[in-house]
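Structure, as structure tokens:
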Amino acid sequence: MTPYDPGADVIEVQRAPIPGPVRGTYRAFGETLRGLKTTFARIVEGPSTLQYPEEKTPVYPRFRGRHKLHRFEDTGLEKCVGCSLCAAACPADCIRVVAAENTPENRVSAGERYAAVYEINLSRCIFCGYCEVACPFDAITMGHDYEMSDYTRSDLIFTKEMLLAEPIERTPLRTEGE
Amino acid sequence: MTPFALVTYFEPWWIQIIKALVIFGVAFAILPILTVYERKLLGRFQGRYGPNRVGPFGLMQPLAEIVKFATKEPSRPTTSVGYLFRIAPAIAILTAVAGLALVPFGDVQTIFGYRVGLYGIDVSVGPLYVFAFAGISFYGIMLGGWSSGSKYSFLGAMRAAAQLISYEVSQALSLVGVIITAGTLSLTGIVHAQRGMWFFIPQFAGFLVFMLASFAETNRAPFDLVEADAELVGGYFTEYGGTGFVAYLFAEYMNMMVVSGIAVTMFFGGWLLPFGIHPPGWVDPIVVIVKILLFITFFIWIRATLPRLRYDQLMSLGWKILLPLATLNLLVTAILVAS
């Protein structure tokens, strides 16, 4: 009977040398002490947790948060002329614009028409920022607010008044170099 | 005639009852603090805060949890063995508390004209008593795991049986060195014998073996194969909820306190302070409790550091390294003391 020959396709596995008594003891105790030092360094370092509701993550200047609608600062007229380009650009189809004519008695926007209804359904919005890009008058921009959770879906439909209102600045802005 | 062991009682019976209640009360007051302390410290070791929402610094966390656990609906698996399933946590906690009776928190003091020993009982078979109850405490785990009628619990209980048996041997042997050096089995006597030098210096090997074996005995990381949250979903107490779960949790922490107390008594001079400081008698319990807390901090530190051992590593460490080391330590001590 010939001894079993595994053949050429069996490759000898490279193994680390089995530690002797001295090296084994060093491994067991030395490495344990090194581990203890590592964990103790974490205590000295202190926690890196951000206590969220009290401390908020600062956002970058180009962070795309909740939308804002703008007015002209000098005249107070709305920038939005109700052209619906943002609604056309929106991939999530979350913007609804109904335009109306400006009259001399009731002048709302600087252009010929204004947005009688301007709604953004934030439960559909994907915060891509295409509306901001599409807008020819910079009337809509993405803000920095990211705390938008609510109890009902209908509360997430933001009307023109809510979007025009100065947002409660709840989000800190990241400083230079942070 | 002494039925089991010589127990030196010199207090009247009512002082003994008060003493027992005070020790029990203080220990049970410390336990919830320990649970929150462990979680906070573990958090710090991992670069986070741990519980800090309930009450000041999260100190009310255990209260909230106890209320939550106590109001849970009791339930047990249909495959479980009813009365054993209920008795098992009680055994676990009973043996842990019985072990606590032996930890000396201080010397004999004179309070209101009565001589009172600041310990539960001072038996002439000190460590044997501890090991006897440690042996019974394993029934709490074993019965709990077996009577649950669940595979995970059963595996955990089997592991516990093998682990506790193999580590109890080296734990006991490592203490024999101390007993030989002190020449007494009474725990207060052992503390008195450490007036010159704490025993962890001459018995350093014994101390190492004892600490390693204690980690295994209390089922703490890195020897928590019995619980092994990742593989056994909690091991022997998988099927327990509510008060049964709390009982096991408290038994584990109580065991930790007892083992730390024994380590303090045997190796770190009990209520003695180094550098010849002799505070008044009422400081003794505080000294002992602080030392116990330091040991528990070390337990937590180890838990935060070391990963769990593999089962064969656990067995070979226990039988091939700790047991020969403990025996060698015992032999060398015996030769040195005898010569």
Side-chain angles (χ1 to χ4, degrees), chain A residues 6 10-60 63 145-151 168-175 177-178, chain B residues 37-54 56-58 170 204-205 207-209 211-216 220-223 294-310 312-325 328-329:
Chain A
V10 175
I11 308 153
E12 196 67 34
V13 180
Q14 285 262 319
R15 284 184 195 281
I18 294 162
V22 178
R23 188 135 185 87
T25 313
Y26 170 72
R27 257 201 203 177
F29 285 98
E31 295 294 286
T32 303
L33 291 181
R34 211 159 67 91
L36 288 175
K37 204 182 98 194
T38 308
T39 40
F40 192 73
R42 298 287 82 72
I43 281 204
V44 177
E45 204 177 77
S48 50
T49 315
L50 211 67
Q51 298 278 320
Y52 168 60
E54 290 91 38
E55 310 169 42
K56 295 184 199 314
T57 319
V59 297
Y60 288 97
F63 180 83
D145 197 3
Y146 56 78
E147 292 171 324
M148 285 165 285
S149 55
D150 227 318
Y151 289 101
I168 317 147
E169 273 301 336
R170 289 182 290 195
T171 17
L173 196 64
R174 218 167 262 262
T175 49
E178 193 180 351
Chain B
Y37 174 66
E38 159 149 37
R39 287 161 62 186
K40 280 186 89 77
L41 196 62
L42 207 57
R44 294 277 165 169
F45 275 125
Q46 294 165 351
R48 56 192 176 83
Y49 285 100
N52 64 350
R53 295 278 143 180
V54 192
F57 305 107
S170 8
F204 191 68
F207 174 62
L208 278 184
V209 173
M211 279 319 284
L212 273 167
S214 302
F215 282 116
R220 295 281 303 179
F223 302 103
L294 285 178
F295 263 93
I296 286 170
T297 309
F298 182 65
F299 269 76
I300 297 167
W301 190 3
I302 289 283
R303 180 182 167 187
T305 304
L306 296 179
R308 188 181 306 131
L309 260 70
R310 219 167 51 212
D312 60 315
Q313 291 171 333
L314 176 94
M315 281 298 143
S316 61
L317 176 70
W319 290 110
K320 292 183 189 166
I321 297 171
L322 289 191
L323 189 61
L325 206 62
L328 199 70
N329 176 53

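By convention in this document, chain letters (A, B, ...) are assigned in the order of the sequence lines, proteins followed by strands, and residues within each chain are numbered from 1. None of these values were measured; they are calculated from a predicted model.
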Between A:Gly35, A:Ala41, A:Pro47, which residue shows the highest count of heavy-atom pairs closer than 4.5 Å to chain B? A:Pro47
Does atom CZ (B:Arg53) have a neighbourhood of more than 12 heavy atoms from anything else shown, all under 6.0 Å? yes
What distance do B:Thr305 atom OG1 and A:Arg42 atom CZ have between them, rounded to the nearest 0.5 Å? 11.0 Å
A:Phe40 CZ: over 12 foreign heavy atoms closer than 6.0 Å: no
Over 12 foreign heavy atoms within 6.0 Å of OH, A:Tyr52: yes
Value for OG1 (A:Thr39) from CZ (B:Arg303), rounded to nearest 0.5 Å, stands at 13.0 Å
Any chance CD of A:Gln14 has more than 12 other-residue heavy atoms, nucleotides or ligands included, within less than 6.0 Å? no
Atom pair CG (B:Leu306) and CG (A:Leu36), whose distance is rounded to the nearest 0.5 Å: 6.5 Å
Can you tell me how far CD1 of A:Ile43 sits from CZ of B:Arg44, rounded to the nearest 0.5 angstrom? 8.0 Å
